[in-house]
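Each remark here refers to the structure printed beneath this line.
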Protein chains: 2
Amino acid sequence: MSKPSRRSRGSITVQDVAREAGVSAMTVSRVVNGGTNVREATREAVLAAIAKLNYSPNSAARSLAAGEATQIGLLYSNPSAAYLSQFLIGALAAARRAGCHLVLEACEGERPEEQAEATRGFVQTHVQGVILPPPLSESGPVRAELEAAGIPWVSVAMGLPPEGSLNVRIDDFAAAAAMTRHLIDMGHRHIGFIRGNPNQTSSAERYRGFCAAIEEAGLELAAMPVEQGFFTFRSGIVASEAMLDLPKPPTAIFASNDDMAAAAVGVAHRRGLHVPQDLSVVGFDDTALATTMWPELTTVRQPIAAMAEAALTMLLDELRAPVRTDHAEQVLAHQLIVRESCAPPPKA
Amino acid sequence: MSKPSRRSRGSITVQDVAREAGVSAMTVSRVVNGGTNVREATREAVLAAIAKLNYSPNSAARSLAAGEATQIGLLYSNPSAAYLSQFLIGALAAARRAGCHLVLEACEGERPEEQAEATRGFVQTHVQGVILPPPLSESGPVRAELEAAGIPWVSVAMGLPPEGSLNVRIDDFAAAAAMTRHLIDMGHRHIGFIRGNPNQTSSAERYRGFCAAIEEAGLELAAMPVEQGFFTFRSGIVASEAMLDLPKPPTAIFASNDDMAAAAVGVAHRRGLHVPQDLSVVGFDDTALATTMWPELTTVRQPIAAMAEAALTMLLDELRAPVRTDHAEQVLAHQLIVRESCAPPPKA
DNA sequence: CAACTTTCTGCCAACGTTGTCGTCCGCCGT
DNA sequence: ACGGCGGACGACAACGTTGGCAGAAAGTTG
């Protein structure tokens with residue numbers, strides 16, 4: 001017997017499967033991927049051999065041979081940690097299936113130069129494509145830098161994506177409208193709205209959704225208190241205080257994200273208002289925060305992990321496409337999550 | 001000119017660098033990794049060529065040729081989302097440097113069979129090693145399954161790791177003692193403690209640290225209210241209510257994690273107690289929650305990302321070691337984060 | 001200066017997979 | 001019945017890197 005090889009990992013390869021099934025390695029490969037032009041009997045034999053030997057393809061060899069994109073960038077700034085972890089889970093799952101690596105890069109700064117800088121650091125590491133979760137999906141400097149380097153990117157969760165961009169999102173407008181309708185259906189007629197950070201188009205879309213539902217119900221939009229927030233907990237405190245200081249405070253507050261909703265609940269408690277008996281509060285995003293507060297928050301759930309997966313898949317399709325596809329958009333379904341922070345308004 | 005190759009990626013390879021530097025590909029490889037036995041002049045020439053051509057090694061080819069471990073499992077259950085995102089960031093960074101893939105698997109269930117099941121699913125995907133963040137780092141079924149399959153693993157953040165295990169952690173005992181001392185230094189003499197989930201040894205260690213600091217200060221341990229919690233927000237509510245219902249409630253509450261501390265703050269607010277004027281509350285972990293509440297939480301920060309990196313590195317060392325190293329342990333530094341939820345006790 | 005040791009460096013093969021292209025076989029139409 | 005055609009499959013090379021070995025260069029000693 002010849003000594004096998006100096007550095008054999010002893011793992012099962014296509015060759016082993018091919019021998020077992022009595023076919024060639026190429027046929028095994030064909031069965032494993034897609035499997036066009038393989039006779040049914042052959043396929044079954046191969047599948048049986050795979051099962052018997054417990055074969056799993058070597059992803060390194062696969063990437064090498066196929067010459068596929070292997071480094072995908074993910075530029076994150078500081079969305080809520082809960083958002084990021086869900087996002088990473090989805091992206092990782094898709095990346096592993098595709099056999100590519102995720103390259104993370106943090107971009108903490110707000111300033112344009114900082115964002116451009118982080119992006120350049122990225123370009124130099126030879127990533128073939130970039131995924132941009134919010135709020136960076138809307139950052140001008142980042143996109144300009146990628147454009148200049150000729151690197152394709154996918155924006156995630158933009159409210160209103162520009163024409164010709166690759167993006168994955170939910171329908172912020174419809175979700176916000178549905179939430180507003182839920183409040184109206186409960187009997188609220190005086191609803192405060194805390195807007196999101198204006199640097200994201202989803203803020204505007206959510207506000208639009210709110211307005212549309214109000215008018216659709218025949219209520220007077222101008223009578224609704226609206227405060228500007230910035231998606232941060234602190235901005236939520238300021239906005240809610242302003243709202244509750246009004247001569248006629250609202251009976252419900254719709255905050256554009258969970259952090260600000262949590263702030264509203266905190267402010268209400270501090271003023272001796274009970275939630276939801278005295279004041280209903282609802283949020284948006286369904287982050288972990290929504291269930292680590294009391295009462296638990298009624299909110300809108302985005303399928304974050306699924307959005308990340310869709311983004312990565314879209315990006316890989318783009319990279320592997322022989323010709324540049326001009327534009328792709330995917331809108332995933334959101335979900336209204338009803339918990340305990342919302343009740344009919346107190347009797348006047 | 002000969003047409004290059006049917007599937008040339010046009011990327012820079014070692015060959016290009018070698019040609020540019022006037023050496024062989026092997027020498028380039030040696031310079032890139034470690035660079036033992038290369039003359040200084042040669043090294044410089046190679047580095048110059050690398051810089052000039054902007055070369056970056058192909059990780060797929062590298063993994064393939066070196067035959068290194070490429071699939072590392074990460075079995076996560078449901079620690080706080082903030083914890084997981086930090087953990088993933090650290091693990092991903094290390095994984096990319098090492099050129100290996102992270103395989104995630106969720107393990108939501110509490111029941112032993114569910115945990116064993118999730119682990120088996122893992123074993124079948126041919127992961128070479130597994131990282132176990134808390135609370136799974138202490139799960140008997142998971143570890144038994146891995147042991148049976150002969151897959152090495154690294155436990156992260158166990159309080160008191162067993163002999164002969166690979167693990168990365170902080171000193172929970174010292175951290176809890178330091179936090180307790182901080183409260184005592186502020187003047188508190190009557191401090192309540194909410195214990196963590198008994199399924200994790202870090203809970204016991206944190207409690208030990210608390211006790212040690214109390215006795216060290218000459219206070220009577222038996223006089224301190226202690227309630228059992230389970231690291232969840234809800235368990236924190238129950239524990240804090242019990243504590244504040246006491247005839248002589250404590251002036252400060254030390255919760256074994258941030259979620260339970262947030263619950264304590266919520267309960268206090270609901271009873272009209274101001275934090276920190278009437279009651280000080282401190283937590284442990286420094287998750288995102290600590291800064292999305294009001295007041296912001298004094299807590300202990302674990303270097304989560306660094307722990308994940310250390311765990312992955314340790315695991316790879318283990319896998320590549322020719323002989324099984326018997327035992328490795330790494331204790332990273334924690335940090336006391338002082339914020340606003342803590343003040344001297346009210347005058348009696 | 002010769003003989004020997006040590007440090008460097010290059011050639012070849014191998015890692016496990018997929019793309020290309022050619023061959024073979026059977027089926028169909030005429 | 002024969003030529004053509006297309007589907008199924010295999011042989012071979014290539015992907016970019018690293019390990020083993022051998023040979024060259026440099027340094028050391030008598």
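Order of the sequence lines sets the chain letters (A, B, ...), proteins ahead of strands, with each chain counted from 1.
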Item to check | 5′-ward residue of the pair Val38(A)/Val28(B) relative to DNA chain D | outcome: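 Taking each residue's closest nucleotide, the earlier one in sequence belongs to Val38(A).
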Checklist entry - Mapping Thr27(A) and Asn33(B) onto DNA chain D by nearest heavy atom, which one lands closer to the 5' end? => result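 By nearest-heavy-atom nucleotide position, the 5'-most residue is Thr27(A).
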Item to check | Under-4.0 Å salt bridge between Arg169(A) and Glu329(A) | outcome: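 Judged by the 4.0 Å cut-off on N to carboxylate O distance, Arg169(A) and Glu329(A) do form a salt bridge.
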Next on the checklist: Check this for me, if you would: do Arg143(B) and Glu138(B) make a salt bridge, where the nitrogen-to-carboxylate-oxygen distance has to be below 4.0 angstrom?
Outcome noted: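 No salt bridge links Arg143(B) with Glu138(B).
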Taking [atom1] from [X] and [atom2] from [N], how many angstroms apart are they, rounded to a whole number?
X: Leu53(A); N: dG16(C); atom1: CG; atom2: C1'; answer: 15 Å
X: Glu44(B); N: dT9(C); atom1: CD; atom2: C1'; answer: 17 Å
X: Arg19(B); N: dG10(C); atom1: CZ; atom2: P; answer: 14 Å
X: Glu40(B); N: dC8(C); atom1: CD; atom2: P; answer: 10 Å
X: Arg39(B); N: dT9(C); atom1: CZ; atom2: C1'; answer: 9 Å
X: Gln15(A); N: dA11(D); atom1: CD; atom2: P; answer: 10 Å
X: Asp16(B); N: dC15(D); atom1: CG; atom2: P; answer: 11 Å
X: Ile50(B); N: dG16(D); atom1: CD1; atom2: C1'; answer: 14 Å

Go through [options] for me and flag the one nearest to the [X] side chain.
X: Met26(A); options: dG10(C), dG10(D), dT17(C); value: dG10(D)
X: Asn58(B); options: dT17(C), dT17(D), dT7(C); value: dT17(D)
X: Leu64(A); options: dC11(C), dA26(D), dC15(D); value: dC15(D)
X: Thr42(A); options: dC9(D), dG16(C), dG10(D); value: dC9(D)
X: Arg62(B); options: dT18(D), dC9(D), dG16(C); value: dT18(D)

Residue-phosphate contact under 4.0 Å: [X] side-chain N/O, [N] OP1/OP2:
X: Thr13(B); N: dG16(D); value: no
X: Ser29(B); N: dT18(D); value: yes
X: Asn37(B); N: dC8(C); value: yes
X: Ser11(B); N: dG16(D); value: yes

Item to check | Polar side-chain contact Arg30(A)-dG10(D) base: donor and acceptor under 3.5 Å | outcome: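 Such a pair is found, so the answer is yes.
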Report yes or no: does [X] contribute a side-chain atom to a donor-acceptor pair with the main-chain N or O of [Y] at less than 3.5 Å?
X: His126(A); Y: Asn54(B); value: yes
X: Asn33(B); Y: Arg30(B); value: no
X: Thr13(A); Y: Gln15(A); value: yes
X: Gln115(A); Y: Pro112(A); value: no

Checklist entry - Toward the 5' end of DNA chain C, which comes first, Ala25(B) or Ala61(B), by nearest nucleotide? => result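 With Ala25(B) and Ala61(B) compared, the 5'-side residue is Ala25(B).
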